[in-house]
Amino acid sequence: MPVESPIPEINVSELILYVNCPRRMYFVNRGFELFPEMNGQRLERLILKELSLTYPEILRKCSLNADNLRKELEASLVRTCIDLPLLFPRELAGAERETLEEGEVRARAKIPEIAANLLGALEEYGKEPMLAALTPVKSEPFLSSERLNLKGVPSKLVCFEGAQVPSILKSGNCPEKGVWGSDRIHAAAFVLLLEAESGKEVPFAFVEYVSYGLLRRVVVRSSDRREILKICREVEKIKAGFMPERKEERFCKECNFSEHCIPDSSLMSKFF
Ligand code: SF4
């Protein structure tokens, strides 16, 4: 009898790729680079993610004043930009000086809004709850579940209202209320993984929109759990070689796979 090959373990990042576009997940799984080169926008996002990791330190020492907060964020941004090549040598290898400068300028332009939102949240929720929601008790912990055939690394775990919960950093736009659907899936996947690791129910997760200094709480519903399981099964099929249908996605215009992702299947077969 032929021995069935094991289904490769799924990474949470693959679920997110799938949610954005199943075909993209297919291409990345086949070794294509999602972002072939660094540009100003990617760098801005990288800088703002790193900057957000310094919020707890800043909030701890800073008096609740918009000017102070802005100055501390500016100083932290400068340090972040100096450290960046040491933190991301592979991503920054070959990045042009202009790109680095553009990334820094773009990130700096976000500071007034970040400072205003952090200050607003401090006034609304208080310093201690804010620090609890932002301060990691574990940074980038590896989580996995054999039962889900899933693994992943959330940005951090924080201890909030007596529970250890995952928190993810998002550098894109922030919705007016709540979180984007794909961010809900991202957060829910880590909730499931943390529950599998800890054996306890995880009541919610945080999504931090780092370009805005906004933190959103996501309570994971049964429908989210169901969705994760469904996506895992679809991703497994793609990892086994199935190419999903091409749909016109909002990412198509900027997608670097577009030249391969053409409707003409006879041409596609030349590549795959
Ligand atoms: S071109 Fe569009 S459909 Fe094809 S992989 Fe890119 S985003 Fe997906």
Side-chain angles (χ1 to χ4, degrees), residues 7-49 88 90-96 99 102-103 106 148-155 168-176 178-190 207 209-212 218 223-224 226-272:
I7 302 168
E9 206 173 14
I10 300 165
N11 199 306
V12 172
S13 61
E14 292 173 317
L15 301 188
I16 306 313
L17 272 175
Y18 178 91
V19 170
N20 288 332
C21 169
R23 273 253 172 128
R24 277 182 140 198
M25 194 252 126
Y26 174 90
F27 286 122
V28 173
N29 193 250
R30 286 211 137 30
F32 282 68
E33 283 276 346
L34 187 58
F35 301 113
E37 57 189 47
M38 185 55 79
N39 59 30
Q41 187 189 44
R42 281 190 65 205
L43 204 69
E44 171 201 338
R45 294 180 168 193
L46 215 53
I47 293 168
L48 290 173
K49 275 191 180 177
F88 301 99
R90 190 171 57 84
E91 290 84 345
L92 294 189
E96 304 278 342
T99 308
E102 188 197 335
R106 291 175 67 121
L148 291 165
N149 193 34
L150 186 65
K151 63 180 175 183
V153 179
S155 308
I168 56 171
L169 307 180
K170 289 286 174 179
S171 54
N173 287 335
C174 175
E176 267 196 25
V179 300
W180 301 116
S182 58
D183 298 341
R184 169 172 282 283
I185 294 294
H186 201 170
F190 286 125
V207 177
Y209 289 100
V210 298
S211 305
Y212 300 84
V218 182
S223 56
D224 300 320
R226 212 172 289 123
E227 190 65 12
I228 299 282
L229 297 179
K230 194 173 126 206
I231 296 170
C232 280
R233 301 297 84 84
E234 293 302 318
V235 168
E236 278 172 356
K237 279 196 246 165
I238 295 175
K239 283 171 87 85
F242 168 74
M243 180 191 266
E245 288 290 310
R246 178 180 190 270
K247 283 186 274 173
E248 201 56 41
E249 302 283 351
R250 68 191 164 98
F251 306 102
C252 288
K253 272 196 213 116
E254 300 168 352
C255 179
N256 54 304
F257 305 137
S258 55
E259 64 176 291
H260 307 301
C261 187
I262 47 179
D264 184 342
S265 57
S266 61
L267 199 49
M268 285 286 286
S269 63
K270 287 186 186 168
F271 292 100
F272 306 102

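Residue numbers run from 1 in the order of the sequence given. Scope of the values below: all heavy atoms of this structure, side chains included, with no hydrogens, waters or symmetry mates. Read the numbers this way: they start at 1 and go in the same order the structure lists the ligands and their atoms.
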Student: Mind checking side chain to side chain contact (heavy atoms under 4.5 Å, CB included) for D224 and listing every partner two or more places apart, or none if nothing turns up?
Tutor: R184, A188, V220, R221
Student: With the threshold set at 4.0 Å, does a side-chain nitrogen-carboxylate oxygen contact exist between E102 and R106?
Tutor: yes
Student: From atom 2 (Fe) of ligand 1, how many protein N/O/S atoms are found at a distance short of 2.8 Å?
Tutor: 1
Student: What residues form a side chain to side chain contact (heavy atoms under 4.5 Å, CB included) with F242, not counting sequence neighbours?
Tutor: K237, I238, P244
Student: Quick one: does L48's side chain get under 4.5 Å of R45's, heavy atoms only?
Tutor: no
Student: Name all residues meeting the side chain to side chain contact (heavy atoms under 4.5 Å, CB included) criterion together with N149; count only those two or more places apart in sequence or in a different chain, and write none if there are none.
Tutor: I7, E9, I10, E236
Student: Would N173 and Y212 count as having a side-chain donor-acceptor pair, cut-off 3.5 Å?
Tutor: yes
